[in-house]
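Read the structure below first, then the notes.
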Amino acid sequence: MDESVVVIGNFDGVHTGHAEVLAHAQSLAPELPLVVVTFWPHPMRVLRPEQAPRLLTGLNDRIRLLKAAGAAEVRVVQFTRDTSTWSPAEFVERILLPLRPAHVVVGENFRFGYRATGTVETLRELGQGRFQVEAMGLVAVEGEKTCSTLIRTALDSGEVELAARHLGRTFRVRGVVVVGDQRGRELGFPTANLPVPPDMAVPADGVYAGWLTVLDEPGAGPMPAAISVGSNPTFQGLERRVESYVLDRTDLELYGHQIAVDFVARLRGQITFTGIDALVEQMEADVARTRELLA
Ligand SMILES: Cc1cc2nc3c(=O)[nH]c(=O)nc-3n(C[C@H](O)[C@H](O)[C@H](O)COP(=O)(O)O)c2cc1C
Ligand SMILES: Nc1ncnc2c1ncn2[C@@H]1O[C@H](COP(=O)(O)OP(=O)(O)O)[C@@H](O)[C@H]1O
C-alpha cells in the first residue's frame, strides 16, 4: 500500500463536523489517498449495550456519506470485546501502520485502545518518526459545537431543523413499508408505514413536513409528504411507526418497497382526538402547512 492520510472515528451521522475533519485531512496532503478508519458496531453497543446511543446512520449510509465527503477508502474495524482489549500501541500496530499513514487526523476528544486509555498525546508518542498527528477542535454551527450527541438530542425533542443544520442535510429514516391497520385510505390519507428500528434514532412523536423517496425504483424523485411519528393515540395504537402520506397521490403501491423519509420541519405534537372528524380536519391543515413549507 502507498502512503495515505488517515482519519479515525465513529462518524455516526457523518455531520458537518465530520465533513470538515475529512476536508482538512485531505488538504494536508492532497496527493495522497484519504483513508477513513471507523468502527462497527458502535463500541458502546458492544461494551455497554444498555447505554448505547441510537444511531443517526446505518453502516451503509455511513460508508456512502464518508465517500461523498472525500474518503477514497473506508476501513471498517469490526469492534468486538477482543478489539476493545487492544492497547493503544497494539491498535497503532495492527490498524494504523498497515495503512502507511503520513498524517493521522482525529478529533481533539479522540480516545482509543483498552479502556480508552489512548489520547491524542499517546497517538503522537506512538507516531514519532512514523506519522504526523493532528487533532481538530469541534466545528460549531450557530455557536453550538456539532457532535452526534447534540443531533440525537435535537431529534429526541423533535427539532429536525436544528438536526439538519448540524448534519448538513435533512435527517433520514429508511426501511421497508409494512402493512398497517388499513385505516389510512378510509380517512382519505393513506400512509406508508415504517416500523421504528430499535437501534436507530427517530424524531420525537409528532407531525412533520418532509419528503418520501422510493429507493428501489431507479430514477424516482422525492415526493412531498406529511409525516406522523407515533403510535396513533386516537386509535389506542401500541406500535410506534413512521407514517408518511404523499400529498395528492392515491395511486401509490408501496408495500414491500424500500423507502427513505426525510424530515424537513416539525408541525406539531401528537394529539389524542375524541372523534375521527377532528383528526381528519387536523390532517387537512397539516397537509396545507406541508404544501406551504415545501414549496
Ligand atoms: C399528517 C398526519 C397527522 C397525523 N396526526 C395524528 C394525530 O394527531 N393523532 C393520531 O392519533 N394520529 C395521527 N395520525 C395517524 C393516523 O391516525 C393514522 O395515519 C391512521 O390511523 C392510519 O393508520 P394506518 O396507516 O395504520 O392505517 C396522523 C397521520 C398523518 C399522516
Ligand atoms: N399518497 C399515498 N401516500 C402513502 N401511501 C400511499 C399513498 N397512496 C397509496 N398508498 C399505498 O397505500 C398504503 C397505505 O394505505 P393505508 O390504508 O394507510 O394502509 P396501512 O394501514 O397498511 O398503511 C401504503 O403503504 C401505500 O402502498
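These figures come from a predicted structure and were not determined experimentally. Read the numbers this way: they start at 1 and go in the same order the structure lists the ligands and their atoms.
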task = Determine the interplanar angle of the F39 and F91 rings, folded into 0 to 90°, and report it as parallel if under 30°, tilted if 30 to 60°, perpendicular if over 60°.
result = tilted
Candidate pair E73 and R75, rule salt bridge (charged side-chain N to carboxylate O under 4.0 Å, His left out), full reasoning = CA-CA 6 Å; E73 200 184 316; R75 289 281 176 114; 2.4 Å; yes
Ligand 1 N/O to protein N/O, distances under 3.5 Å:
unit_1: ligand 1; atom_1: 5 (N); unit_2: R268; atom_2: NH2; d: 2.9
unit_1: ligand 1; atom_1: 8 (O); unit_2: R268; atom_2: NH1; d: 2.9
unit_1: ligand 1; atom_1: 8 (O); unit_2: R268; atom_2: NH2; d: 3.3
unit_1: ligand 1; atom_1: 8 (O); unit_2: Q270; atom_2: OE1; d: 3.4
unit_1: ligand 1; atom_1: 8 (O); unit_2: I271; atom_2: N; d: 3.1
unit_1: ligand 1; atom_1: 8 (O); unit_2: I271; atom_2: O; d: 3.4
unit_1: ligand 1; atom_1: 9 (N); unit_2: Q270; atom_2: OE1; d: 3.0
unit_1: ligand 1; atom_1: 9 (N); unit_2: I271; atom_2: O; d: 2.7
unit_1: ligand 1; atom_1: 11 (O); unit_2: P233; atom_2: N; d: 3.2
unit_1: ligand 1; atom_1: 11 (O); unit_2: T234; atom_2: N; d: 2.9
unit_1: ligand 1; atom_1: 11 (O); unit_2: T234; atom_2: OG1; d: 2.7
unit_1: ligand 1; atom_1: 19 (O); unit_2: E243; atom_2: OE1; d: 2.5
unit_1: ligand 1; atom_1: 21 (O); unit_2: R183; atom_2: NH1; d: 2.6
unit_1: ligand 1; atom_1: 25 (O); unit_2: T191; atom_2: OG1; d: 2.7
unit_1: ligand 1; atom_1: 25 (O); unit_2: N193; atom_2: OD1; d: 3.4
unit_1: ligand 1; atom_1: 25 (O); unit_2: N193; atom_2: ND2; d: 3.2
unit_1: ligand 1; atom_1: 26 (O); unit_2: D181; atom_2: N; d: 2.9
unit_1: ligand 1; atom_1: 26 (O); unit_2: N193; atom_2: ND2; d: 3.3
unit_1: ligand 1; atom_1: 26 (O); unit_2: R241; atom_2: NH2; d: 2.9
unit_1: ligand 1; atom_1: 27 (O); unit_2: Q182; atom_2: N; d: 3.2
unit_1: ligand 1; atom_1: 27 (O); unit_2: R183; atom_2: N; d: 2.7
unit_1: ligand 1; atom_1: 27 (O); unit_2: G184; atom_2: N; d: 3.0

inquiry  = Consider side-chain contact (heavy atoms from CB on, under 4.5 Å). Of L267, T290, I271, V229, which one does V207 pass it with?
reply    = L267
ask   = Measuring from I63:CD1 to T38:OG1, what's the distance to the nearest 0.5 Å?
value = 8.5 Å
key: Straight-line distance of M200 CE to D61 CG, nearest 0.5 Å   = 7.5 Å
Ligand 2: protein residues within heavy-atom distance under 4.0 Å = V177, V179, G180, D181, Q182, R183, G184, R185, P190, T191, A192, N193, S244, Y245, V246, R249, T250, L252, E253, L254, Y255
key: Stacked cation flag R172 on F263, 6.0 angstrom / 45 deg   = no
remark   = Residues passing the salt bridge (Lys or Arg N to Asp or Glu O under 4.0 Å) test with D199, sequence neighbours excluded, are none
query = Listed by chain and number, what are the salt bridge (Lys or Arg N to Asp or Glu O under 4.0 Å) partners of R54, not counting sequence neighbours?
reply = none
task = Could you please spell out the steps behind the side-chain contact (heavy atoms from CB on, under 4.5 Å) verdict for F112 and I95?
result = CA-CA 12 Å; F112 70 112; I95 303 290; over 6 Å; no
